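The next block holds one structure in the form of structure tokens; read it before the comments.
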Amino acid sequence: MENMLLVGLSRQMTLERQLDVVANNVANINTTGFKADRSLFEEYLRSPAHEDNFMHADRRVSFVHDRATFHDFAPGPSEQTKNPLDISIDGKGFLVVQTPAGERYTRDGNLQINNQGQLVTQSGYPVLGNSGPIVFQQTDKQINIATDGNITVLEGTNRIDSVRGKLRVVSFADPQKLVKEGSNLFAAGQGIAAQPDTTSRVNQGFIEKSNVNSVHEMSRLIEITRTYTKIASMLQQQHDLHRTAIEKLADVPA
Amino acid sequence: MRALYTSATGMAAQELNVQVISNNIANMRTTGYKKQRAAFQDLIYDHVRRVGSQASDQGTILPVGIDIGGGVKTVGTPRLMTQGNLSPTGNDLDIAIRGEGFFKIQMPDGTYAYTRDGSFMMDAQGRVVTAQGNPVQPTLTIPQNSSQITINPQGQLTVLLPGSSTPTLVGQIGLTRFINKAGLQPIGDNLFTDTPASGTPQDGVANTDGFGDMQQGNLEQANVEVVTEISDLIAAQRAYEMNAKVISAVDQMLQSTNGMFR
């Protein structure tokens, strides 16, 4: 009898969760290297009631619940910044970052140099090259990052480039298995191996903007609010129906 | 509803973004100004259903999980330390650095500050000072009645004394560099101080060891590009509006819940 209320509630709860995902996407619309999330729903069928004396089998009631959120790994637009320490990755690759909790992966190429001369992310974690962190010397100037990730500088008054390392760019067979950790970092779970990526190209002087599409998010937002309101009014109608039924049926004739 | 607070973080971040952009635009004619940019990162995620967790005892695992993000945070406002354009002024004591390095300035309290603003003047004692009257290091005193102040690319300051036809060397303006110049702390008046993040100051001589050279009679303009700032401003404003829209959507949904079963 109250199934309608519960089915409606199951949808409203998933809508709330979907709105949380949209809100997070919109909040990160200007976050470098951010990858949008999408929600997936599935039908959940409740097994029907059984009783031998039933004339017909009870109908199954279908609820909805959220099955997953998945990452949209579409590339974000590149913005030219002309900063030599900004890089964007053209392709499926990720930069490898050394955090206290282990290796993490990021598409955020907004890099800095720390007081030890290491190439670091905005959070201060070293970005790894093929042989550990990339370290610059005091007298280095004109940092040049080639499309294959090779980093060269002019040291002091030298006229010939010195190599400071090569950025480790990795990719994953199934990037959906990466877990977002916040701080623009992705973590790979057990058994998910990072493969060296030779097809991705590194562009110096560019950063990859967030791939959140504002038009999509706004239309999704409208869809969510409209559906939510519609269910609310539907539940209201159901409630009115019950009330009228009770009033009419239980009306004691005078 | 979490979305309310998630969007609030988004609005706060964009507000800060506009603040940074407006400071860049306000300083677009400031000598030696280096533009800032707000850097954002996503906040931690609530892993409602963890990806890769076991879906059955047959060893099947969830290919995707449910991760709900909590919004955005500002991680820093790093400065873009690129070279600004040089504009000729014709003033003898205007110096622009072409390349790496900062001028070292002695503050009234004896500490040192660093600047790219080379619009220097002479004070009553003939010292080379900044617009605030703080002497450039090492302190140079230009003798009275001297003429034809010349500063060469290495920073050597020579003058012509009365009755002499050969220039006299007064001293050499030094430069200082940092391994992480984006880690310097701005203290206003176009000055920076060193921090643990910037690394220790390395004093040196212009045009040697990777230091830039000095250009007399020029000033370094701000490295702010108006087109970039304006397009960033538009993007920030739109992002702010969109976050506000999400908040009003949440409000609408809560309102319809409140209106139920009256």
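The shown structure was predicted, so the numbers you read here are calculated from the model rather than taken from an experiment. Protein chains get the first letters and strands the later ones, always in sequence-line order, with residue 1 at the start of each.
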Using a strict 4.0 Å threshold on nitrogen-to-oxygen distance, state whether [X] and [Y] make a salt bridge.
X	Y	result
A:Asp86	B:Arg37	yes
A:Lys180	B:Asp67	no
B:Glu225	A:Lys82	yes

Chain A contact via B:Ala13 - which portion, at a heavy-atom distance below 4.5 Å
neither

Tell me, side chain or backbone of [X] under 4.5 Å from chain B's heavy atoms, or both, or neither?
X	value
A:Arg226	side chain
A:Ser39	neither
A:Gln122	both
A:Glu79	side chain

Among the listed options A:Val22, A:Asp140, A:Ile222, the residue most often paired with chain B at heavy-atom distances under 4.5 Å:
A:Asp140

Which distance, rounded to the nearest 0.5 Å, do you find between the CG of A:Asp108 and the CD of B:Gln41?
6.5 Å

Take atom NZ in A:Lys177; do more than 12 heavy atoms of anything else shown fall under 6.0 Å from it?
no

Within the structure provided, determine whether A:Asp37 and B:Tyr45 are in side-chain contact (heavy-atom separation under 4.5 Å).
yes

